[in-house]
Protein chains: 2
Amino acid sequence: MTTRTDAPTRREQILREAARLFAERGFHGVGVDEIGAAVGISGPGLYRHFAGKDAMLAELLVGISERLLTGGRRRVAEAAGDPEAVLDSLVEGHIDFALDDRPLITLHDRELDRLRDSDRKLVRQLQRQYVELWVAALREVRPGLPEPSARAAVHAVFGLLNSTPHLGRPGALPGRTAMAALLHRMARGAFAAAAEGQGE
Amino acid sequence: MTTRTDAPTRREQILREAARLFAERGFHGVGVDEIGAAVGISGPGLYRHFAGKDAMLAELLVGISERLLTGGRRRVAEAAGDPEAVLDSLVEGHIDFALDDRPLITLHDRELDRLRDSDRKLVRQLQRQYVELWVAALREVRPGLPEPSARAAVHAVFGLLNSTPHLGRPGALPGRTAMAALLHRMARGAFAAAAEGQGE
DNA sequence: CAGTGTGGTTAGCGGTCGTTAACCTTAGCC
DNA sequence: GGCTAAGGTTAACGACCGCTAACCACACTG
């Protein structure tokens, strides 16, 4: 593993700010001049780093999808043999993501349709594989749950975990670790309830 | 109650199509010409019915928020005295909404920031009151749950229930009544789990 | 110290978009 | 039967936006 301690490159700065702005105001709601201004350069300077506005969004969405999928696969492999542990690890990883990369999570299910056809296909494929990871893990823990229900339950839990962005300003909310624990409990509770009265 | 059986007015047609388009491609991603085309008139003809594109979005968002809040209040009043029934009724009402008015639910937490200041304030206020309804109902059922956690849990369950729009094309999914039952079970399970190990 | 690649700048073009203006048709009414 | 109001039409305007062009400063390198 290459843990990076070096300063972020200009490209990375741009991606971070673009993600934040896209999440706040929507892809079409943000101009290239604003993105440039957010990193201290102005407008067309961005084109030294990216082919265009679309390319930024594409790189963001492909990046998230890949990170989610590879992270998920790693966790499944690490906890292999203990289904409960696999599901817990997936939940934990997703929560870390949702809490630490809010803008990306927001973009992930909001701006997919603004992508070029090929990129959109790629992202959808990665997303689908990630979902399948969860569905398989869930059905190991709850064998009585039919696959369509399992798929719907997984989507619903994604919605639950990704709800963090919609929270107002901090203050009236639990801190990060308490929040993570709360979300984890709720996700497990939701999965358990999904299986009740369903042949289980 | 005035149950309307008459045909929808032109205004209502426009609002319906605008909601669908906004949800699909984002507020800024849809042109007025497209909205017009969707109801069989073209472009500027819309201005006979609305002051502008912003006005359509405003009316949609204020409308949803009001419907959610008044519906919620009615349910709370109807089941008053039985906390469990209140919470169940709120969940049921929200599920009906999420399943039957998908585009509106999508817009509701996605395009709020595109509103004029005054409209945004109004919508936020209505949303806040709706959340408070849920928080109060939840804390009646789970008195051990501190308020910040209850608020976070309510938001998380909204995310869970509103996850329906993100589902791919039908087919590999439970039908409407099964889906409603599944979501209801999961929401109750999530709430129950939120209270565990929390002084309860 | 000339040459070159990197990462900026400003000016401006072409297209799109929301909105307005001006005009037209039809239905209902006195 | 003219008048008016309602609900359309097309043309066009002004603003904005993504992107390109042209130019420039500087750090390295042989």
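Chain identifiers are assigned alphabetically (A, B, ...) following the order of the sequence lines, protein sequences preceding nucleic acid strands; residue numbering begins at 1 within each chain.
- Scanning for side chain to side chain donor-acceptor pair (under 3.5 Å) contacts around A:Ser65 gives an empty result, with sequence neighbours left out.
- For B:Glu140, there are no side chain to side chain donor-acceptor pair (under 3.5 Å) partners at least two apart in sequence or on another chain.
- Counting only residues at least two apart or on different chains, the side chain to side chain donor-acceptor pair (under 3.5 Å) pairs with a member in residues 37-60 of chain A are A:Arg11-A:Glu59.
- Listed by first and then second residue, the ring pair (Phe, Tyr, Trp, His ring centres under 6.0 Å) pairs that reach into residues 82-105 of chain A are A:His94-A:Tyr130, A:His94-A:Trp134, A:His94-A:Phe158, sequence neighbours excluded.
- In this structure, A:Phe50 has no ring pair (Phe, Tyr, Trp, His ring centres under 6.0 Å) partners at least two apart in sequence or on a different chain.
- Salt-bridge formation is detected for the pair A:Arg20/A:Glu17: a Lys NZ or Arg NE/NH1/NH2 atom is positioned less than 4.0 Å from an Asp or Glu carboxylate oxygen.
- Sorted by first and then second residue, the salt bridge (Lys or Arg N to Asp or Glu O under 4.0 Å) pairs involving residues 38-47 of chain A (not counting sequence neighbours) form an empty list.
- Remark: A:Arg128 engages no residue in a salt bridge (Lys or Arg N to Asp or Glu O under 4.0 Å) (not counting sequence neighbours).
- Using a 4.0 Å cutoff to heavy atoms of chain A, the contacted part of DNA chain D runs 5' to 3' from D:dG18 to D:dC23.
- The stretch residues 47-63 of chain B touches DNA chain D through B:Arg48, B:His49, each having a heavy atom within less than 4.0 Å of the strand.
- Among the heavy atoms of the strands lying under 4.0 Å from B:Val30 are primed sugar atoms or P, OP1, OP2 only; no base atom is included.
- Taking A:Asp88 as the reference, A:His184, A:Arg188 meet the side chain to side chain donor-acceptor pair (under 3.5 Å) condition, with sequence neighbours excluded.
- Residue A:Gly45 is in base contact, counting any heavy-atom pair closer than 4.0 Å across all strands shown.
- With sequence neighbours excluded, the residues forming a side chain to side chain donor-acceptor pair (under 3.5 Å) with B:Ser149 are B:Gln198, listed by chain and number.
- Chain A approaches DNA chain C within less than 4.0 angstrom (heavy atoms of the protein), and the contacting nucleotides run 5' to 3' from C:dG7 to C:dA11.
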